[in-house]
2 protein chains.
Amino acid sequence: MPRPSEPTRERIVQAASALFYNEGIRRVSVDEVAARAGLTKRTLYYHFKSKDDLVAAYLAARDQPNLALFRKWFAEAEGGLPVKVEAIFKNLARSARHPKWKGCGFLRTSAELANMPGHPAIRIGAAHKKKFEDWLRATFADEGIADPLKLARQILLLLDGSFAVVLLHRDPSYMETAGEAARTLIETALAKQGRKRG
Amino acid sequence: MPRPSEPTRERIVQAASALFYNEGIRRVSVDEVAARAGLTKRTLYYHFKSKDDLVAAYLAARDQPNLALFRKWFAEAEGGLPVKVEAIFKNLARSARHPKWKGCGFLRTSAELANMPGHPAIRIGAAHKKKFEDWLRATFADEGIADPLKLARQILLLLDGSFAVVLLHRDPSYMETAGEAARTLIETALAKQGRKRG
DNA sequence: GTATGTATACTAACCAGTGAATATACACAA
DNA sequence: TTGTGTATATTCACTGGTTAGTATACATAC
């Protein structure tokens, strides 16, 4: 049955996403992805030139939706800057309580492929995290915070730290602890700013 | 050549450590470990009942040395509590600049084996991080900090976050940024304590 | 009648784990 | 001092299964 093509490619990426995220990159074979997508491996290799290419597509598909979710959680929270950022951590803790949650796909992929530094999937993961960092930086800059890049990176470190720690201990309360730390750091930065301007 | 045994087991763990840390768990075959240790796979299976068992031994061997290194960096630093904790991050940044550095073996293993929650290696990793957390907690408690467990967890989150982020971006300066955040959090906790005690 | 897309069938390598045999060191007996 | 049994340690050769990737042919749409 030829001619679907675009939907076919999409179906493959969907299947790859579910499997790679749930089981890990090297654990999942191309055959398994093809089977889950309901087609043969040969067809998969028509749409993707290699497994590495497929792994990159898996992460690329998560980039925008993930960022949009963080922005939504931030925007919907009622309160000042510290509270809005903390809301991201609280929502993340809620996601992490779902039984199928298995951490951050970008970080887990970079951990698994740590022996292949230039791998396209790692590049996509790095770009994704940079986008998040830059969104935070811009947000902090708008609020007049003194060193917005540094603060953005510190929040990012807490966020990615909570992904790693919660995955290890399977205890989402660490995310709320990270959120409190984020709030403290932002409040401190805002206080410094007040002192300088006041 | 029979009868070495203890040194043999040790040699296997050494070989496994180098390979698993550098290339990843599932990337490395038992044959490769045996070859690097200079013996046959059958001998390896005499000392370890399975590959999973070997992976657990790899992490178990890293537990105490890793903790000792952190304690050493803390003890050798000149200054108050915030500076001593920050010194851990600075030393870590120095290690991360070595070309063979590939993040935290415990976290990378838990990321790679995220689909096997009860895996013995993950348990060992979790116990390792708990030991570090508890050492920090006790240290903070000795200094009279109000909620020492919370602060210990926040520092841990920054530490593990820096492992993840530096591995992704290959930019060790994030570790120094994390160290600054740690210092800020500790200083804030000490200031609160000061206010309460008057 | 040619581009595009899909399937069958295959390769060559790899991989975790095992069955059976063997070699050595050491304890103890003669 | 020499012979012998036994637990420990090691090797060779193998199995059954999996893997990423491909050569070739076939089907459909326009």
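Computed from a predicted structure; not experimentally measured. Letters A, B, ... mirror the listed sequences (proteins, then strands); counts begin at 1. Atom set for the values below is all heavy atoms of this structure, side chains included, hydrogens, waters and symmetry mates excluded.
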Open item on the list: For B:D147, give me all partners under side-chain contact (heavy atoms from CB on, under 4.5 Å), at least two apart in sequence or on another chain.
Closed with: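 Listed in chain order: B:L149, B:K150.
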Task: With sequence neighbours excluded, residues passing side-chain contact (heavy atoms from CB on, under 4.5 Å) with A:R123 - done: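 Checked A:R123 against side-chain contact (heavy atoms from CB on, under 4.5 Å); zero matches.
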Task: Pairwise distance CZ(B:F20) to CD(B:E112) - rounded to 0.5 angstrom - done: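 So the gap between those two atoms works out to 9.5 Å.
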TODO: First locate atom NE2 of B:H128, then atom CG of A:L168, and finally report the distance between them rounded to the nearest 0.5 Å.
DONE: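 Reported value, rounded in 0.5 Å steps: 9.5 Å.
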Using only side-chain N and O atoms of [X], determine if any of them is under 4.0 Å from OP1 or OP2 of [N].
{"X": "A:T43", "N": "C:dG5", "answer": "no"}
{"X": "B:H47", "N": "D:dT10", "answer": "yes"}
{"X": "B:S29", "N": "C:dC14", "answer": "no"}
{"X": "B:T8", "N": "D:dT10", "answer": "yes"}
{"X": "A:Y46", "N": "C:dG5", "answer": "yes"}

- [ ] Note down the inter-axis angle between the two ends of the helix from C:dT4-D:dA27 to C:dA30-D:dT1, five pairs each, to the nearest 10°.
- [x]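 Roughly 10°, once rounded to the nearest ten degrees.
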Can you tell me how far [atom2] of [N] sits from [atom1] of [X], to the nearest Å?
{"X": "A:K49", "N": "D:dA20", "atom1": "NZ", "atom2": "P", "answer": "15 Å"}
{"X": "A:L39", "N": "C:dT8", "atom1": "CG", "atom2": "C1'", "answer": "14 Å"}
{"X": "A:R26", "N": "C:dC14", "atom1": "CZ", "atom2": "P", "answer": "15 Å"}
{"X": "B:L44", "N": "C:dC15", "atom1": "CG", "atom2": "C1'", "answer": "14 Å"}

- [ ] Please say which of A:T8, A:D31, A:V30 ends up in a side-chain contact (heavy atoms from CB on, under 4.5 Å) with A:L44.
- [x]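 Of the listed residues A:T8, A:D31, A:V30, the side-chain contact (heavy atoms from CB on, under 4.5 Å) partner of A:L44 is A:V30.
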Taking the side chain of [X] as heavy atoms from C-beta outward, which of [options] is closest to it?
{"X": "A:E32", "options": "C:dC15, D:dT19, C:dA7", "answer": "D:dT19"}
{"X": "B:D31", "options": "D:dA20, C:dA7, C:dA16", "answer": "C:dA16"}
{"X": "A:K41", "options": "C:dT18, D:dG21, C:dC15", "answer": "D:dG21"}
{"X": "B:Y45", "options": "C:dA16, D:dA20, D:dT10", "answer": "C:dA16"}

TODO: Under the ring pair (Phe, Tyr, Trp, His ring centres under 6.0 Å) rule, collect the residues that match up with A:F132, sequence neighbours excluded.
DONE: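 Ring pair (Phe, Tyr, Trp, His ring centres under 6.0 Å) check on A:F132 returns A:F70, A:W135.
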Task: Polar contact flag, side-chain donor to acceptor under 3.5 angstrom, A:S173-A:D171 - done: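 A pair is found: one side chain offers a donor N or O, the other an acceptor, under 3.5 Å apart.
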TODO: Return each pair, listed once, that meets side chain to side chain donor-acceptor pair (under 3.5 Å) where at least one residue sits in residues 15-26 of chain A; pairs must be two or more places apart or across chains.
DONE: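 Non-adjacent pairs meeting side chain to side chain donor-acceptor pair (under 3.5 Å): A:N22-A:K102, A:R26-A:N115.
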Open item on the list: I'd like to check A:K51 versus A:V33 (side-chain heavy atoms, cut-off strictly below 4.5 Å). Are they in contact?
Closed with: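 They are not in side-chain contact.
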Task: Those residues of residues 50-57 of chain A lying under 4.0 Å from DNA chain C by at least one heavy atom - done: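 None - not one residue of the stretch has a heavy atom sitting under 4.0 Å from the strand.
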TODO: Would you indicate what B:V33 reaches in the nucleic acid, counting non-hydrogen atoms under 4.0 angstrom: base, sugar-phosphate, or nothing?
DONE: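 No contact.
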- [ ] Work out which heavy atom in B:F74 is nearest to a heavy atom in B:V85; give both atom names and the distance.
- [x]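 Closest pair (atom of B:F74, atom of B:V85, distance): CE1-CG2, 3.9 Å.
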Open item on the list: Is it the case that C:dG19 (base atoms only) and B:R42 (side chain only) share a donor and an acceptor within less than 3.5 Å, ignoring hydrogens and angles?
Closed with: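 Pair found.
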